[in-house]
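Working notes, structure below.
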Amino acid sequence: MKGGNYNRFRGRHLSVTLITLIFTTIILWVSEKNPSITTLLTGQDQFTWPSSEYHTDTVNNSSVSMRPKGHIEEFFFEEITAEETEELVHKDLVCNYAKGQWVADSRRPLYSGFGCKQWLSEMWACRLTQRLDFSYEGYRWLPNNCEMPEFERSAFLRRMQDKTIAFIGDSLGRQQFQSLMCMATGGEMSPEVEDVGKEYGLVKARGAKRPDGWAFRFPNTNTTILYYWSSTLADLVPINSTDPRSNVAMHLDRPPAFMRKYLHRFDVLVLNTGHHWNRGKLTANRWVMYVNGKPNDDSKLVSMGGAKNFTAYSISKWLDSQLPYLPRLKAFFRTISPRHFRNGDWNTGGSCDNTTPLTEGREVLQDQSSDEVVEGAVKGTRIKLLDITAISDLRDEGHISHYSVRATGGINDCLHWCLPGIPDTWNELLAAQI
């Protein structure tokens, strides 16, 4: 080896040795401070120990390269199996937003229950009722293994620029929609926000109490937030369109016509269903179950549970089949919101009078969802699970209860939530996962 090449080789050798010593020192120092870091490093094959063997490029006579000779764990760490590595990575790095705890936060609520009259239904604005205790407003959800950034309305609207967020579901979906409208406006009067319901056919029909939904647009960011009422997610079609008293075909295997028509315009979709799956609702609404375009004759779908499960799976399967053609769409299926009637049901004297937060605990430790139906329906699909059931189950003090604006006695609502309240957390979870 000529003198010049030898000196370059010797200099590089010393540099590599110095780098190796520095790297080794850092690893040992970090491992002392946080042993879990060491464990995670052991499973990574890309970390290699510099070899003492060097190869000189005899053709160009100019470069020297290193050949790896061993893994770091051979010198410092105990060998672990691939299965153990996978388990560690899954445990430490995978984020389950539904696993964590409620913590007190003096910065809550995110908006005023008095000020958000433009978007809140009066019956859900508990600040307008006779209720005197509002401690339920002062908590936020803290996931264990992931950071959930603070919701900031301006930043959220910038992220959602030129996008449409759609909620399709029952009255709990409507609560989540109203909550997001209050969060996005800070609960302040916002005359600049445009009503664009006509674009989606959301207009009040003659004789109807209300339209089938609402749609509003924030002009500065061209962000649209809408809600469409579909309590079962099944397509509802009058059997005789000319007779207002006609029975209604409830197509369990077909999504609502609204969803089929406007899906291509959505960037975020949140579905929910659950509490309308009972005989009383079907009878009152004259809904008749249909499958494959004809009245249901499958005995497995006669029960409410069977019909609900079948619909959740059918709608999820259909939606998943559409997602490859709509790459910008992020779809979520929200799990069921828990009820907290005690000593009876809604029509048999049940109540929820507790006003003390977190009497049943503050932490969720389970890995699986409490809503096995929705979790199973989205498993293996591109639809994300928005899991709110277990975390909401700890917050029984946050319901409307017996409070009302007009002091109506004898009525207890242990299904819907006060706003501001628990549905705000659902939207924080949604915003974190969009």
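Between I315 atom CD1 and M259 atom CE the span is 6.0 Å, to the nearest 0.5 Å. The structure places CZ of R131 at 6.5 Å from OG of S401, a figure rounded to the nearest 0.5 Å.
Not less than 6.0 angstrom separates the ring centroid of W417 from the ring centroid of W124. Ring centroid separation for the pair F258 and Y262 comes in under the 6.0 Å cut-off. Taking the six-membered ring for Trp and the full ring otherwise, the centers of W214 and Y228 sit at least 6.0 Å from each other.
Residue I336 comes nearest to I388 through the heavy atom pair O-CD1, 3.7 Å, listed as atom of the first residue, atom of the second, then distance. The minimum heavy-atom distance between S246 and N240, with the atom names listed, is OG-N, 2.9 Å. Nearest heavy atoms, G173 versus Y227: C-CE1, 3.7 Å. When all heavy atoms of A312 and V373 are compared, the pair lying nearest together is CB-CG1, 4.0 Å.
For T273 (side chain) and S231 (main-chain N/O), a donor-acceptor pair under 3.5 Å exists by modelled atom type. Here the side chain of R334 pairs no donor or acceptor atom with the backbone of D387 at under 3.5 angstrom. When atom types are taken as modelled, the side chain of T348 and the backbone of D345 share a donor-acceptor pair closer than 3.5 angstrom. Under a 3.5 Å cut-off, the side chain of E194 and the backbone N or O of V196 do not form any donor-acceptor pair. Side chain of S392 to backbone of T389: no donor-acceptor contact under 3.5 angstrom is found. With hydrogens and angles disregarded, a donor-acceptor distance shorter than 3.5 Å links the side chain of Q178 to the backbone of S121. Under a 3.5 Å cut-off, the side chain of N427 and the backbone N or O of Q176 do form a donor-acceptor pair. A donor-acceptor pair under 3.5 Å is formed between the side chain of H275 and the backbone N or O of S337. Within the 3.5 Å criterion, the main-chain N or O of I411 finds no donor-acceptor partner in the side chain of H402. Here the side chain of T311 pairs a donor or acceptor atom with the backbone of A307 at under 3.5 angstrom.
Defined by atom type and a distance below 3.5 Å, a donor-acceptor pair is present between the side-chain atoms of Y111 and D424. Counting only N and O atoms by type, the side chains of Q366 and S370 include a donor and acceptor under 3.5 Å apart.
Between W287 and N247 the shortest side-chain heavy-atom distance does not fall below 4.5 Å. Side-chain contact between K209 and K204: absent, with no pair of heavy atoms (C-beta onward) separated by less than 4.5 Å. Considering only heavy atoms from C-beta on, W346 stays 4.5 Å or farther from L415 through its side chain. The side-chain heavy atoms of N145 and Y97, taken from C-beta on, include no pair separated by under 4.5 Å.
Between E199 and R265 there is a salt bridge, since a side-chain N of the basic residue sits under 4.0 Å from a carboxylate O of the acidic one. K117 and E122 are not joined by a salt bridge, as no carboxylate oxygen comes within less than 4.0 angstrom of a charged side-chain nitrogen. Residues R342 and D353 are not paired through a salt bridge, judged by the lack of any N-O separation under 4.0 Å between the basic side chain and the carboxylate. Residues E428 and R108 are paired through a salt bridge, judged by an N-O separation under 4.0 Å between the basic side chain and the carboxylate. The pair R260-D235 counts as a salt bridge, with a side-chain nitrogen and a carboxylate oxygen less than 4.0 angstrom apart. A salt bridge does not link E360 with R395: none of the charged nitrogens is closer than 4.0 Å to a carboxylate oxygen. The pair E188-R153 meets the salt-bridge criterion, since a charged nitrogen lies less than 4.0 angstrom from a carboxylate oxygen.
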Problem set entry | Criterion salt bridge (Lys or Arg N to Asp or Glu O under 4.0 Å) on E363 and K99, from CA distance to verdict | CA-CA 8 Å; E363 191 172 16; K99 192 175 179 179; over 6 Å; no

Problem set entry | Step-by-step side chain to side chain donor-acceptor pair (under 3.5 Å) determination, D367 to N96 | CA-CA 8 Å; D367 292 311; N96 182 352; 4.6 Å; no

Problem set entry | Evaluation steps, side-chain contact (heavy atoms from CB on, under 4.5 Å), between L233 and F333 | CA-CA 11 Å; L233 299 180; F333 205 143; 3.7 Å; yes

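Ring geometry for F151 versus F156: interplanar angle of 30 to 60°, hence tilted. Ring pair W119/F216 is perpendicular by interplanar angle, where above 60° counts as perpendicular and below 30° as parallel.
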Donor-acceptor pairs under 3.5 angstrom involving side-chain atoms of residues 291-300: please list them, not counting sequence neighbours.
residue	atom	partner	partner atom	Å
N296	OD1	D298	N	3.0
N296	ND2	D298	O	3.2
D298	OD1	K300	N	2.9

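Partner of H340 under the side-chain hydrogen bond (donor to acceptor under 3.5 Å, both in side chains) criterion, chosen from D393, D396, N412: D393.
Counting non-hydrogen atoms of other residues, nucleotides and ligands closer than 6.0 Å to CZ of R279 gives a total above 12.
Judged by the 6.0 Å and 45° rule, R127 forms a cation-pi pair with F134.
Judged as a ring-ring contact (aromatic ring centres under 6.0 Å, His included), and not counting sequence neighbours, the contacts of Y290 are H251.
The salt bridge (charged side-chain N to carboxylate O under 4.0 Å, His left out) contacts involving residues 302-331 comprise D267-R328, D320-R382, where partners must be two or more places apart or lie in separate chains.
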